[in-house]
Amino acid sequence: MHEDIVAGLNPSQTEAVTTIKGPVLVLAGPGSGKTRVLAHRVAFLLRAVGVSPRSLMAVTFTNKAAGEMRERINRLLGEAVSTSAGWRGLTIGTFHSICAYILRQEAAPAHIDPNYVIFDDSEQLAVIKQALRDLKLDEKMYRPEAMRAAISRAKNELIKSTAFEATTYWAEVARRVYGRYEEVMAANHALDFDDLLCRTTYLFKEQPEVLSRYQERYQYLLVDEFQDTNTAQYELVSMLAGRSHNLFAVGDEDQSIFAFRGADYRNVMRFREDYPEAKVILLEQNYRSTQTILDTANAIIARNLHRTPKQLRTERGRGLQVTLHEAYDESDEANFVVSTIQRLVSQEEVRLSDCAVMYRTNAQSRPLEDAFVARGIPYRLVGGTRFYQRREIKDALAYLRLVHNPADNVSLMRIINVPPRSIGDKTIGALNTWSSELGLPMTGGMALLAGDPQMNVRYPEPPQHSLGTAALRSLTAFYRMFASWVAQKDRLTIEALLDRISEESGYATWLKDGTEQGQERWENVQELHSVAEQYDDLPPDVRLGAFLEEVALVSDQDQLAEEQDRVTLLTLHTAKGLEYKAVFIVGLEENIFPHSRSLEDPDQLEEERRLMYVGVTRAKDRLYLVRAFRRTLYGRSEVNAPSRFLIDIPEKLQVGGGIGDRKAAARQALENVTRWGPQGSNAQARPERRPARVAPAGGGQSERAEKPAEKPAAPARKTQFKPGDRVDHGLFGTGIVLKSQVTADDEEVTVTFPGKGTKTLLASFARLRKV
DNA sequence: GGGTGCCTCGAGGAC
DNA sequence: CGAGGCACCC
């Protein structure tokens with residue numbers, strides 16, 4: 001048994017799988033088989049060591065990763081030792097789902113309503129706006145989104161509102177908003193995502209006997225993507241492993257790209273400090289990419305200062321050169337991508353589904369989609385508006401959540417007037433004020449107003465309210481409807497309850513407004529049925545709660561099914577963990593990638609570099625790095641310097657695709673702009689080793705094309721150059737003009753230079769001379 | 001109370 | 001350029 005579990009593993013992997021006692025840190029390079037190691041280790045513990053499934057906890061960040069691990073283990077052991085339902089066996093799940101489960105079990109010691117609901121970002125925002133109103137603070141001055149980020153950051157760092165330290169006035173406001181936010185959340189019986197983690201951590205800290213039980217149960221802990229943990233998560237796992245010390249962490253600092261959501265890759269270092277006895281295992285053998293691709297990745301990441309040097313190896317051989325391509329603009333870029341894919345597919349090198357196009361920001365997907373549509377090539381876009389973020393889905397869920405948890409004022413306010421039932425802001429405000437005076441949620445207030453006998457007994461003399469008769473009538477009607485759903489919730493399946501609510505509330509009719517969009521929205525709501533059906537067999541009293549918890553904790557990332565033969569379009573962030581035979585990374589321009597908002601912060605630049613590293617290492621065989629000379633973004637056209645990442649790629653690894661030149665394509669592309677493009681752009685060539693100088697260097701960072709725009713370039717309607725003209729150029733020598741066009745403020749000349757490729761140059765900068 | 005038009009602003013996104 | 005938020009008007 002022992003032998004077949006480790007069969008086929010390399011020595012480092014075997015060591016990672018079979019080191020059973022004590023802390024282990026696996027530094028796993030991309031494509032080094034870390035998922036495999038995790039699954040095999042679980043199988044090894046269960047089969048060779050004889051560990052009971054219930055003593056084992058494996059933690060991931062996404063449901064998808066958890067599902068894959070589960071599937072892999074089941075396949076390895078040839079039986080279903082792990083199922084998502086129930087916790088009798090193995091515990092495999094996301095940090096959040098495991099914490100949600102623990103908090104539900106330990107509701108009393110955690111001081112939480114066991115029927116708590118989970119508020120997502122937008123609901124959090126609603127609570128923050130409420131808190132700002134309560135504190136009479138101006139939303140313009142204190143942006144709710146910034147407040148939300150501050151609160152989230154604090155929670156990730158395990159800082160309670162009472163311990164929040166404010167050294168600036170803004171932070172002082174944030175401290176107060178945080179405090180009020182917590183009160184409102186408590187009144188709604190709601191937890192946010194961060195709460196799931198930090199409240200579990202507090203529970204363990206404050207109730208040692210509760211912690212003890214979990215420590216005893218979970219003798220073996222495995223944590224995936226350790227570089228993505230935040231402080232709360234780090235503390236949580238170290239507390240759980242406090243007794244056994246059998247903590248197995250897998251991670252790669254070089255793939256840490258989620259600092260913006262609290263991840264701190266320094267937790268990898270912290271692990272080494274906190275567990276000096278830990279066995280550290282490096283997985284450097286790569287099973288995915290060609291050596292050329294790995295060398296490219298290494299050249300890029302090697303410039304980061306804060307990392308453990310690694311040398312990725314493969315037995316796959318050198319493979320193809322990396323193609324660097326300079327396109328004219330974003331649509332030319334898209335055309336290059338699409339025609340290259342068409343060529344590869346027609347030559348039967350790859351299938352469409354082997355190809356992925358990656359970009360820094362979602363906004364860049366538009367021109368790509370246009371090109372795919374224009375050529376009739378099927379593609380699938382990952383990201384964009386997510387299913388559970390859709391308005392109609394949130395509305396439908398808000399109805400269900402309110403029925404499940406009548407204290408949920410946020411859900412109530414979302415749907416009380418959707419569809420319109422004459423309950424406007426004034427009425428809602430009055431009801432809210434009056435209810436909170438009584439210490440009741442708004443549904444409780446409505447019950448009293450509607451003459452609920454029980455409520456009348458408990459509150460015989462309620463205070464005066466300012467509601468008119470029309471408002472009272474509307475509220476009563478709504479309350480009666482709501483109360484009837486509550487009365488039936490356990491007698492109906494979730495689908496039936498949902499249908500009933502959509503019909504009786506008028507939501508269905510209102511949504512189906514006859515437009516195509518309305519129909520689509522209704523179909524989205526119907527989609528919820530298939531999810532809800534899976535809960536039909538659960539006992540009625542837990543059914544709705546379980547359903548709501550799942551839909552709060554799932555993402556459509558999970559439904560990323562590998563269906564038909566299509567090209568995948570996705571951001572570099574969502575590409576993490578995936579692999580494709582052919583990868584196109586587009587928009588390799590300063591200000592785009594690295595993103596303009598990260599240029600001034602060395603840490604953020606290092607993260608951009610890691611993101612590039614992640615992108616490059618997704619490729620198995622073919623890598624295309626594409627930049628556009630000119631790009632229209634937010635409605636204006638800009639000329640950006642080539643991304644600094646291109647410059648780091650050794651010449652011997654690359655081939656200048658459409659530039660058609662043996663010389664370093666990136667360097668040339670750079671020179672195009674640094675010498676003949678907008679002034680000051682040579683600042684871009686500087687690596688981020690001395691970032692402190694970036695800002696004061698005379699504004700050299702700004703790559704916007706304003707400079708040429710301001711130049712009163714000959715406003716002639718006539719071009720200076722015409723096709724066929726022979727021109728001379730300082731660097732490229734003599735070439736022939738292919739085309740030339742006058743733009744608003746300049747002239748763009750496309751010239752082909754024998755042996756140097758085709759260049760698009762700005763007449764005002766390129767010192768072109770007719771010969 | 002509900003609808004229309006103007007203004008602002010722009011990264012990445014699991015749970 | 002385009003989505004979403006808000007103010008103002010009917």
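Just so it is clear, the structure is predicted and the values come from calculations on it, not from any experiment. Labels below follow one simple rule: chain letters A, B, ... track the order of the sequence lines, proteins then strands, and each chain is numbered from 1.
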Item checked: A:Phe547 and A:Tyr535 aromatic ring geometry - parallel, tilted or perpendicular at 30°/60° bounds -> perpendicular
Note to self: For the base of B:dA11 and the side-chain ring of A:His595, does the geometry meet a stacking cutoff of under 5.5 Å between centres and under 30° between planes?
What the structure shows: yes
Notebook entry, point to check: Parallel, tilted or perpendicular for A:Trp510 and A:Tyr507, by the 30°/60° rule?
Noted result: tilted
Check: Is DNA chain B part of any stem, that is, at least 3 consecutive Watson-Crick or G-U pairs with both distances under 3.5 Å, and where?
Finding: B:1-10 with C:1-10
Note to self: Just to be sure I understand the rule, does A:Gln604 reach a base, reach only the sugar-phosphate, or reach nothing, if contact means heavy atoms closer than 4.0 Å?
What the structure shows: base
Next item on the list: Could you tell me the separation between the CG atom of A:Leu605 and the C1' atom of B:dA11, rounded to a whole number of Å?
Entry: 14 Å
Check: Given B:dG13, is OP1 or OP2 found less than 4.0 Å from the side-chain N or O atoms of A:Thr571?
Finding: yes
Notebook entry, point to check: When all nucleic acid strands are considered with a 4.0 Å heavy-atom cut-off, which category describes A:Arg360: base, sugar-phosphate, or nothing?
Noted result: base
Check: Is the backbone of A:Glu589 close enough, under 3.5 Å, to the side chain of A:Arg627 for a donor and an acceptor to pair up by distance?
Finding: no
Checklist line | A:His573 NE2 - B:dG12 P separation (whole Å) | finding: 9 Å
Notebook entry, point to check: Who pairs with A:Phe95 by ring pair (Phe, Tyr, Trp, His ring centres under 6.0 Å), at least two apart in sequence or on another chain?
Noted result: A:Phe61
Next item on the list: Measure the distance from CH2 on A:Trp510 to C1' on B:dG2 and round it to the nearest whole Å.
Entry: 12 Å
Note to self: I'd like to know if the side chain of A:Gln124 pairs up with that of A:Tyr181 as donor and acceptor (distance under 3.5 Å, no hydrogens or angles considered).
What the structure shows: yes
Note to self: By nearest atom, which of the nucleotides B:dC15, B:dG13, B:dA11 is closest to the A:Thr361 side chain?
What the structure shows: B:dA11
Checklist line | Separation of B:dG12 P from A:Met612 CE (nearest whole Å) | finding: 18 Å
Next item on the list: Give a yes or no on whether a donor-acceptor pair under 3.5 Å exists between the nucleobase atoms of B:dA11, that is its base, and the side chain of A:Gln364.
Entry: no
Notebook entry, point to check: Does the side chain of A:Glu606 pick up a donor-acceptor pair with the side chain of A:Gln604 at under 3.5 Å?
Noted result: no
Item checked: Whole-Å gap separating P (B:dA11) and CZ (A:Phe258) -> 16 Å
Next item on the list: Please state the P separation for the pair C:dG4 and B:dG13 - nearest whole angstrom.
Entry: 16 Å
Next item on the list: Between A:Phe61 and A:Pro419, just flag the one whose closest nucleotide in DNA chain B comes earlier from the 5' side.
Entry: A:Pro419
Next item on the list: Inspect the contact between A:Glu253 and A:Arg266 and indicate whether a charged nitrogen and a carboxylate oxygen are less than 4.0 angstrom apart.
Entry: no
Checklist line | A:Val250 side chain reached by A:Glu225 side chain, heavy atoms, under 4.5 Å | finding: no
Checklist line | Any A:Asn417 side-chain N or O less than 4.0 Å from OP1/OP2 of B:dG2 | finding: yes
Item checked: Short side-chain N/O contact from A:Thr427 to OP1 or OP2 of B:dG1, under 4.0 Å -> yes
Notebook entry, point to check: Can the ring centroids of A:His573 and A:Phe258 be said to lie less than 6.0 angstrom from one another?
Noted result: yes
Might you list the N or O atoms of the protein lying below 3.5 Å from N or O atoms in nucleotides 5-9 of chain C, with each pair's distance?
{"unit_1": "C:dC6", "atom_1": "OP1", "unit_2": "A:Glu139", "atom_2": "OE1", "d": "3.4"}

Notebook entry, point to check: Phosphate oxygens OP1/OP2 of B:dG13: is one of them under 4.0 Å from a side-chain N or O of A:Asn362?
Noted result: yes
Checklist line | Rounded distance (Å) that lies between atom P of B:dG12 and atom CD of A:Glu606 | finding: 22 Å
Next item on the list: May I ask you to verify if any side-chain N or O of A:Asn63 is less than 4.0 angstrom from the OP1 or OP2 atom of B:dC15?
Entry: yes
Margin query: Tell me whether A:Phe260 and B:dG12 count as stacked here, given that the ring centres must be under 5.5 Å apart and the planes must differ by less than 30 degrees.
Written below: yes
Notebook entry, point to check: Do you know the tightest heavy-atom contact between A:Leu158 and A:Ala232?
Noted result: CD2-CB, 3.7 Å
Next item on the list: Before accepting this row, confirm whether a basic side-chain N of the pair A:Glu607/A:Arg610 lies closer than 4.0 Å to the acidic partner's carboxylate O.
Entry: yes
Checklist line | Length of the line joining A:Lys426:NZ and B:dG2:P, which is rounded to integer Å | finding: 14 Å
Notebook entry, point to check: Rounding to a whole Å, what distance do you find between A:Asp120:CG and B:dG13:P?
Noted result: 16 Å
Item checked: Whichever of A:Asp425 and A:Gly262 has its nearest DNA chain B nucleotide further upstream toward 5' -> A:Asp425
